[in-house]
Amino acid sequence: MVITSKDNSKIKQLAKLYSNRKYRRETGLFVIEGIRGCVDALADSTLNGGNMEIDGIYYLEELFEGVCSGYKPELELLPEDKRFIITREIADKISDTDACQGIFVTAKMLDKPFSEDTLKRGGKYLILDELQDPGNLGTMIRTSDAVGLDGIVLTGNCVDLYNPKTVRSAVGSMPRVDIFVERDFERVVEAFKLKGIPTAAAVIDGGTEIRQYDFSKGCAVVIGNEGRGLTYDHAEMCSNKVTIAMHGHIDSLNAATAATIFLWEMTRAEG
């Protein structure tokens, strides 16, 4: 189907999903923007076990005759009523990027209900408490995919998992990492305790130095808000505290950078 009007009902829905967090939750859908994320979603939907359930794909016609031509077979595996050719004007109106690539996918949300039963005994997890930057979250998801992490739990008032900037930063990794959203931090820590997985609060100082900490029996590393870190109460709920020793005058790291160091140390001895 070719859509040329910005007033088309499908385009209105796409634009609202892109910009409105509440509407995303009401519909259970979110938006992926950009060539890499969208073609990965196509592959995950049609070839890789259906981890991604695509509701619709909206794209400039020339993309699948040019840069995305290698994914034309996957595109054609989607039913026709889920494929929509759009104009450059429509693409630019929907996107909030400076250089819109002209392709969007709407898909079913990927987060899973959280409980003790969903956790893998001896698993490696990140718990992100009150994280606020969508780019940091996307980077952590992508890095977690790279190292084979067992899952991520978002607690408290975290940034929306489906914020377009988060989705772009994750670059196709979201369906390949188990992600849970559970606002109640105490419930999350208790579930890990019941599963026998220790929780380790990432703190600036006063914790076991990261290279001395034993991650081998499973662990859930807890990273707090970018500006203030973990609250005292939440750090005290955790089984342990872990610190990244730093040199010179640096006393803290960007949350995504700190998470990357923890992810490497958690998983480097595996396999």
- request: Run the numbers on Asn163 and Arg21 for side-chain contact (heavy atoms from CB on, under 4.5 Å), then give the verdict.
  value: CA-CA 7 Å; Asn163 181 299; Arg21 177 177 184 167; over 6 Å; no
Which atoms form the tightest heavy-atom contact between [X] and [Y], and what is the distance?
X	Y	result
Ala107	Met52	CB-SD, 3.6 Å
Pro175	Asp44	CG-OD2, 3.3 Å
Ile197	Lys120	CD1-O, 3.3 Å
Cys100	Asp92	CB-OD1, 3.5 Å
Leu131	Gly224	CD1-O, 3.9 Å
Lys6	Ile90	CG-CG1, 3.8 Å

- request: Take Phe104 and Tyr59 through the ring pair (Phe, Tyr, Trp, His ring centres under 6.0 Å) test and state the conclusion after the steps.
  value: CA-CA 6 Å; Phe104 307 85; Tyr59 58 95; over 10 Å; no
Would [X] and [Y] count as having a side-chain donor-acceptor pair, cut-off 3.5 Å?
X	Y	result
Asp129	Thr155	yes
Glu33	Ser95	yes
Asp111	Tyr162	yes
Asn254	Glu226	no

Nearest 0.5 angstrom please: [X] [atom1] to [Y] [atom2], how far?
X	Y	atom1	atom2	answer
Glu186	Asp233	CD	CG	10.0 Å
Thr199	Glu190	OG1	CD	10.0 Å
Ile35	Asp40	CD1	CG	11.5 Å
Leu75	Lys82	CG	NZ	12.5 Å
Leu77	Thr46	CG	OG1	5.0 Å
Lys12	Ile94	NZ	CD1	12.5 Å

message: Show, in sequence, the C-alpha distance, side-chain angles and deciding distance for Glu62 and Arg88, and conclude whether the salt bridge (charged side-chain N to carboxylate O under 4.0 Å, His left out) test is met.
response: CA-CA 11 Å; Glu62 60 266 27; Arg88 168 56 69 181; 5.4 Å; no
message: Count I, L, V, M, F, W, Y as connected when their side-chain heavy atoms are under 4.5 Å apart, and connections chain through other members. Are Tyr213 and Ile127 then in the same cluster?
response: no
Taking NZ, NE, NH1 and NH2 as the nitrogens, is one of them in [X] or [Y] under 4.0 Å from a carboxylate oxygen of the other?
X	Y	value
Glu76	Arg83	no
Glu265	Arg211	no
Arg24	Asp160	yes
Lys112	Asp178	yes

Keeping the roles fixed (side chain from [X], backbone from [Y]), state whether a donor-acceptor pair exists under 3.5 Å.
X	Y	value
Glu182	Asp184	yes
Ser45	Leu42	no
Ser115	Asp117	yes

Criterion ring pair (Phe, Tyr, Trp, His ring centres under 6.0 Å) on Tyr58 and Phe84, from CA distance to verdict: CA-CA 5 Å; Tyr58 303 78; Phe84 306 96; 4.8 Å; yes
message: Can you confirm if the NZ or CZ of Lys16 lies within 45° of the ring axis of Tyr23 and under 6.0 Å from the centre of its six-membered ring?
response: yes
- prompt: So, do Trp264 and Phe262 sit near enough that their side-chain heavy atoms are less than 4.5 Å apart?
  reply: no
message: Show, in sequence, the C-alpha distance, side-chain angles and deciding distance for Ser216 and Asp214, and conclude whether the side chain to side chain donor-acceptor pair (under 3.5 Å) test is met.
response: CA-CA 6 Å; Ser216 64; Asp214 182 9; 2.6 Å; yes
- request: Fit a plane to each ring of Phe185 and His234, take the angle between them on a 0 to 90° scale, and name the class: parallel (under 30°), tilted (30 to 60°) or perpendicular (over 60°).
  value: parallel
message: Thr139: which residues meet the side-chain hydrogen bond (donor to acceptor under 3.5 Å, both in side chains) condition with it, sequence neighbours left out?
response: none
- request: Inspect the surroundings of CE in Met1 and state if more than 12 heavy atoms from other residues, nucleotides or ligands are less than 6.0 Å away.
  value: no
query: Is it true that atom CD of Glu80 has more than 12 heavy atoms of other residues, nucleotides or ligands lying nearer than 6.0 Å?
result: no
query: Centres of the Tyr71 and Phe64 rings: under 6.0 Å?
result: no
- request: Go through Asp7 and Ile11 one step at a time and tell me if the side-chain contact (heavy atoms from CB on, under 4.5 Å) criterion holds.
  value: CA-CA 7 Å; Asp7 294 324; Ile11 297 304; over 6 Å; no
message: Please determine whether salt bridge (charged side-chain N to carboxylate O under 4.0 Å, His left out) holds for the pair Asp96 and Arg168, giving the CA-CA distance in whole Å, both sets of side-chain angles, and the decisive distance to 0.1 Å.
response: CA-CA 11 Å; Asp96 66 357; Arg168 284 197 299 271; 3.3 Å; yes
query: What do the steps show when you test Val105 against Val31 for side-chain contact (heavy atoms from CB on, under 4.5 Å), and what is the final call?
result: CA-CA 6 Å; Val105 161; Val31 179; over 6 Å; no
field: Leu149/Asp145 under side-chain contact (heavy atoms from CB on, under 4.5 Å): CA gap, chis, key distance, verdict
entry: CA-CA 6 Å; Leu149 197 73; Asp145 179 21; over 6 Å; no
